[in-house]
Amino acid sequence: MKNITVKKILTVCISVFLIIYVVCNLYMSNSKKISSETLIYAKVYDSYETTAYIVKDEDEIRASENTNVYYLAKDGESVAAGEVIAYEFQDPRDVIIKEEIAKLNDRIETFEALESKSKSNSNNIEIAEYNLSQSIKNFKNMVENNEFVELKTSADNVLYNLNNKQIITGKTSGFDAIISQAQEELAALENELSGNIKELRTNSPGYFISKSADGLENKADYENILTVNYDQLSDIMEQEYEIDPNIVGKTINGLSWYIVCKIPQQEASKVQKDKQIGVNFVSISNENIPVSVVAINRIDDENVTVVLKCNQISSELLDIRKENIKLNYDLYEGIKVPKNAVHMGEVTKTQTNPDGTQTEQTQTVQGVYTIIGDRLKFKEINPVFAYSEFMICNDNKDSEDLFSGDTVEVYDKVIIGGEDLYDGKFIG
């Protein structure tokens, strides 16, 4: 009797062990086979990468041979016709002296402004402390981010705001002595100049750039740019030309410059004339620069020339001739869904009939398996754009393109790897 009881206990224990073993293996099997990804909201351009030539209306500025140039105008600065943009000197020391004169003039101007404030009753200590705090913060950020180009300007701003606070708090009575000393130094430096100075002026209004020649100045036909053929333009721009060593700067005339590129025929429908699109200059920045399509010219049965007009100016853009670009046609935004998460599945909706009765309708649609608790739920998706390994899907559940009236949401977990997937599947 005792042996029978022991056998029963052993049988029960073995049975329980086997059940636990099977359940654990099923759970582990499901866990190993299933992998998921969290959905996020994304913005993506329908884009195409190609090579482009930049065509500008340029006017060269020449200096005499074997001279030294000191620039007054900054790259990208708007200049008028006949404006003095630089000085040329025979003696290289004059350039150094001229730079010191410019620094002293800035110093005098700064302290004259502070002196004027010291005689005013409109100063506010809270504003002064805020401006000082912000200028110190900006200076610190520039140092930490290795932004050294404008570091001196930022340091001068800190000094200005510090002195301004000293005036308001009464820690200084004025800056007459500092201004007088700077003026004396300025007069002494001006006397050191050799006197052999020549002004360099612009011939036409435009945007200034202090770059030497590359031999391609005005080689492209700017006036007839709308009829240009990319291959013909390429033949011109890829040649080697004699470079004038006396060109020390240029003005880019007018408000517009042009981007000429070649795209396949199948891309042409995305760039209808007068359409506004964006361009990203790959090696310069990620900025999406607005341009307008002004001409589309057939090259052959496979390719077309696209001419884009741009009105945005910067020193970086003024200096380019040939650049890899990305044409950004249209912007799509929505839920970013991996293509390997997409399956065909059935969804059901309940429709109320005119007589009050309800009818269930089922349809096979594109969708994904989402994780809801310990089970899978199949959700319909509404793709609006597909690229590389992802889709951008509309998250509007009221869209007429949805059969079920339900779709994915941000932060849904979707299955990107798994076997034997179905709606309602237990995954543990």
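These numbers were taken from a predicted model, which means no experiment stands behind them. No hydrogens, no waters, no symmetry mates; every other heavy atom, side chains included, goes into these values.
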What donor-acceptor contacts under 3.5 angstrom involve side-chain atoms of residues 304-311, with partners at least two apart or in another chain?
| unit_1 | atom_1 | unit_2 | atom_2 | d |
| --- | --- | --- | --- | --- |
| Thr305 | OG1 | Tyr230 | N | 2.8 |
| Asn311 | OD1 | Ser256 | OG | 2.6 |

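- Formation of a donor-acceptor pair under 3.5 Å by the Asn297 side chain with backbone atoms of Asn229 is not found in this model.
- In this structure, Lys270 does not pair ionically with Asp330, as no charged nitrogen and carboxylate oxygen lie closer than 4.0 Å.
- Considering only heavy atoms from C-beta on, Asn280 stays 4.5 Å or farther from Tyr45 through its side chain.
- Nearest heavy-atom pair across Ile243 and Gly215 is CG1-N, 3.9 Å.
- Here the closest non-hydrogen pair linking Thr352 and Gln358 is OG1-NE2, 3.7 Å.
- Because its NZ or CZ atom is not both nearer than 6.0 Å to the ring centre of Tyr369 and within 45° of the ring axis, Lys425 does not count as a cation-pi partner of that residue.
- The ring-ring contact (aromatic ring centres under 6.0 Å, His included) check on Phe390 picks up nothing, with sequence neighbours excluded.
- For Glu217 and Arg321, the salt-bridge test passes: some basic side-chain N is under 4.0 Å from an acidic carboxylate O.
- When every heavy atom of Phe378 is checked against every heavy atom of Val365, the shortest pair comes out as CZ-O, 3.8 Å.
- In this structure, Phe385 and Val44 approach most closely via the heavy-atom pair CE2-CG1, 4.0 Å.
- Relative ring orientation between Trp257 and Phe281 is described as tilted, the plane-to-plane angle lying within the 30° to 60° band.
- Side-chain contact between Ile381 and Leu402 is absent, with no heavy-atom pair separated by less than 4.5 Å.
- With sequence neighbours excluded, the residues that form a ring-ring contact (aromatic ring centres under 6.0 Å, His included) with Tyr258 are Tyr222.
- Identified under the side chain to side chain donor-acceptor pair (under 3.5 Å) test for residues 199-209, with sequence neighbours left out: Asp59-Ser204, Glu199-Arg201, Ser204-Asn253.
- When all heavy atoms of Glu58 and Asn218 are compared, the pair lying nearest together is O-ND2, 2.8 Å.
- With rounding to the nearest 0.5 angstrom, the CD1 atom of Ile54 is 7.5 Å from the CD atom of Glu323.
- Salt-bridge formation is not detected for the pair Glu409/Lys377: no Lys NZ or Arg NE/NH1/NH2 atom is positioned less than 4.0 Å from an Asp or Glu carboxylate oxygen.
- Residues Asp301 and Gln265 form no side-chain contact, since every pair of their non-hydrogen atoms from C-beta on lies 4.5 Å or further apart.
- When all heavy atoms of Glu346 and Thr362 are compared, the pair lying nearest together is OE1-CG2, 3.7 Å.
- From Lys326, atom NZ reaches atom CD1 of Ile289 across 13.5 Å, with rounding to the nearest 0.5 Å.
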Just list the side-chain donor-acceptor pairs under 3.5 Å for residues 337-344, sequence neighbours left out, or say none.
| unit_1 | atom_1 | unit_2 | atom_2 | d |
| --- | --- | --- | --- | --- |
| Lys339 | NZ | Ser388 | O | 3.0 |

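- For the residue pair Thr407/Asn382, the side-chain donor-acceptor check at 3.5 Å is not satisfied.
- A distance of 4.0 Å separates CD1 in Ile61 from CD1 in Ile85, rounded to the nearest 0.5 Å.
- Applying the salt bridge (Lys or Arg N to Asp or Glu O under 4.0 Å) definition to pairs two or more places apart or across chains, none involves residues 75-85.
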